[in-house]
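Read the structure below first, then the notes.
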There are 2 protein chains.
Amino acid sequence: MQKATAEKSDPIAAQLAPVGRETVQDRVYSELRRALIGGLFEPSQILTIRGLADALMTSTMPVREALGRLITEKALEALPNRSVRVPPITLDRMDDLLRARILIEGEAIALAATRMNSRQIATIEGMLGEWDEMRALKHKKDVDREVTLNQTFHFEIYRACGSAVLIPMIESLWLQSGPCIRVAIYAFSEAGEVDTAHYHRTIVKAIATQDAKEARDALVADISRPFTFLRSKLEAEAKKGLSA
Amino acid sequence: MQKATAEKSDPIAAQLAPVGRETVQDRVYSELRRALIGGLFEPSQILTIRGLADALMTSTMPVREALGRLITEKALEALPNRSVRVPPITLDRMDDLLRARILIEGEAIALAATRMNSRQIATIEGMLGEWDEMRALKHKKDVDREVTLNQTFHFEIYRACGSAVLIPMIESLWLQSGPCIRVAIYAFSEAGEVDTAHYHRTIVKAIATQDAKEARDALVADISRPFTFLRSKLEAEAKKGLSA
DNA sequence: TCAATGCAAGTGTGATCACAAATCAAATAA
DNA sequence: TTATTTGATTTGTGATCACACTTGCATTGA
């Protein structure tokens, strides 16, 4: 018995989970994704293959392939010089991203609202408590946890929409808007924003009652907020720079 | 003067277009894309790096990176065995793809309908003539030209929507539905379908009058047709296979 | 005859090297 | 001092190699 496929007749193999051989390239890719969505890289920052390979303690090979993948999903940008950077923020691009996210994530949540079972609803309902918890002990700006929790919440919903086509597109959109969002969340945090979870509560309520329209509306409000906030901030800076 | 950047002061350089150094990887990627959208690969077909490298007369390096990129945009599929294949067709996946295409391409054409100038409209209007031409001399099934013309027509419109976010997503969707479409077009051709350009005329008319809603409706009808056709065909086969 | 074993060919992954292009800095000339 | 040039370093790209895993086929055993 050296076959890799688990057979029902084998009582031992039945309890063993497949080990799943993750390649180095996959780890590099995941790591860069995480950094991008979390906004750890600044817009317009240039990334080099050898630099990342050193930082990730691997050779250049897995890095260059991971970069290539991120470039095709527009999470990174290939300059004509053949160097790669994280795309800069422009107002047009922000509007473009927001419109696409409203369109696609709105559709996904509308689908999910009619398909989530009580167990899944309980999961996202439980997450609301974590926001309360974070707000209670707001001694330090825990931006990282905020970002992660927000991501988990949204994708728990999107995953329930049951579309293997829409979900990767949403991931791509988050990858592209990650650097912007981070800036916005920092700005929120400085501006003393308090109730970041308000729309999330509305979303949970709407999904619990299978109200697709209200879920979509609340989602649109939720994802629009950081964009409009950042937009007004950028416009103010542009005006100031113009007058100076 | 050995600087590569064109300077305004140089009257010769001003007339020269940048030559654009395309890498081997880019050519491989484009070639595989073309093959995929055109449906040259069959669903479930397994692709090997060395096999493609031989066929494209290059080393394995550019091929493996191109394959990696195509896998991330779901144009190809990575099996747990680490071999890669073109994704098989299932009814669920077809419905999923069609819904996403209606959502996103519908939005793109609605945007384009309000933004295309008379020059762009004249371009797509001119393409209608090519369909008439093809229908006139229908001595052989020129599926390749049909596919190419259809693609050019649609993307001429999508390009005018002005969204740098939506267009790559539409390209990804075409990449994913390419293998299905080819099968459907062959089936159309066998079934003696005549007026493949009917909805295209409606689309041009709607755009010329800036009627976004009618343009969207006609587009939905246009892209739904091959899917519903293929769906009924697959269902018939499934039923036949079941009774046999 | 059929299933299990063992060997050989094929395949993906990662590392390393060679080369060309780009970038940066110091040196030189106006 | 400023602009240009020259040279050294850095960087991306492609080729090749080594290794591990998978697959397929022939051999061996019952």
Side-chain angles (χ1 to χ4, degrees), chain A residues 1-10 13 16 18-32 41 44-72 75-87, chain B residues 1-10 13 16 18-32 41 44-72 75-87:
Chain A
M1 164 69 73
Q2 291 198 6
K3 296 174 70 176
T5 58
E7 301 189 1
K8 297 189 183 69
S9 58
D10 190 330
L16 255 37
V19 63
R21 298 173 307 115
E22 198 184 25
T23 65
V24 178
Q25 180 192 153
D26 290 333
R27 274 199 296 279
V28 172
Y29 176 70
S30 302
E31 192 61 21
L32 292 180
F41 296 133
S44 300
Q45 179 179 351
I46 287 193
L47 303 178
T48 64
I49 294 179
R50 286 176 172 88
L52 291 173
D54 289 347
L56 296 166
M57 301 216 301
T58 176
S59 78
T60 62
M61 186 61 57
V63 175
R64 57 198 276 191
E65 303 198 336
L67 286 186
R69 292 168 66 179
L70 289 168
I71 290 171
T72 67
L76 294 176
E77 197 178 29
L79 274 56
N81 327 341
R82 300 200 171 170
S83 59
V84 2
R85 69 171 177 188
V86 13
Chain B
M1 164 69 72
Q2 291 198 7
K3 297 175 67 178
T5 57
E7 302 188 1
K8 297 191 183 67
S9 58
D10 192 331
L16 255 38
V19 63
R21 297 175 307 112
E22 198 182 25
T23 65
V24 178
Q25 181 193 152
D26 289 334
R27 274 199 296 278
V28 171
Y29 176 70
S30 302
E31 192 60 22
L32 293 180
F41 295 134
S44 300
Q45 180 178 350
I46 287 193
L47 304 178
T48 65
I49 293 179
R50 286 175 173 88
L52 291 173
D54 289 346
L56 296 166
M57 300 217 298
T58 176
S59 78
T60 62
M61 185 62 56
V63 175
R64 58 197 274 191
E65 303 198 336
L67 286 186
R69 291 168 67 178
L70 290 168
I71 289 171
T72 67
L76 295 176
E77 196 178 29
L79 274 57
N81 325 340
R82 302 202 169 168
S83 59
V84 4
R85 70 171 178 189
V86 12

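Chain naming here is simple, since letters A, B, ... match the order of the sequence lines and numbering starts at 1 in each.
Residue contacts shown for A:E65 are absent, as no nucleic acid heavy atom lies under 4.0 Å away. If you check every strand for non-hydrogen atoms under 4.0 Å, B:L67 touches nothing.
Judged by closest nucleotide on DNA chain C, B:I49 is the one of A:N81 and B:I49 placed further toward the 5' end. Two residues, A:S83 and A:D26, neighbour DNA chain C, and the one matched to the more 5' nucleotide by heavy-atom proximity is A:D26.
By the salt bridge (Lys or Arg N to Asp or Glu O under 4.0 Å) test, B:R82 pairs with no residue at all, sequence neighbours left out. Taking the side-chain hydrogen bond (donor to acceptor under 3.5 Å, both in side chains) definition, one finds that B:S44 meets it with nothing, sequence neighbours left out. Applying the side-chain hydrogen bond (donor to acceptor under 3.5 Å, both in side chains) test to B:E77 and every residue at least two apart in sequence or in another chain returns B:R85. For A:T72, the side-chain contact (heavy atoms from CB on, under 4.5 Å) partners two or more places apart in sequence, or in a different chain, are B:R69, B:T72.
Between A:I46 and A:V84, every side-chain heavy-atom pair lies at or beyond the 4.5 Å cut-off.
Between A:E77 atom CD and D:dG12 atom P there is a gap of 15 Å when expressed in whole angstrom units. Atom CZ in A:R85 sits about 18 Å away from atom P in D:dT11, given to the nearest Å. Rounded to a whole Å, the CD1 atom of B:I71 is 10 Å from the P atom of C:dG12. The distance between atom CG of B:L47 and atom P of C:dT11, rounded to the nearest whole Å, is 12 Å.
Remark: A:R50, A:M61, A:R64 in residues 50-64 of chain A come within less than 4.0 Å of DNA chain D through at least one heavy atom.
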Which side-chain N or O atoms in residues 47-61 of chain B pair as donor and acceptor under 3.5 Å with protein atoms at least two apart or in another chain?
from  : atom 1 : to    : atom 2 : distance (Å)
B:T48 : OG1    : B:G51 : N      : 3.1
B:S59 : OG     : B:M61 : N      : 3.4

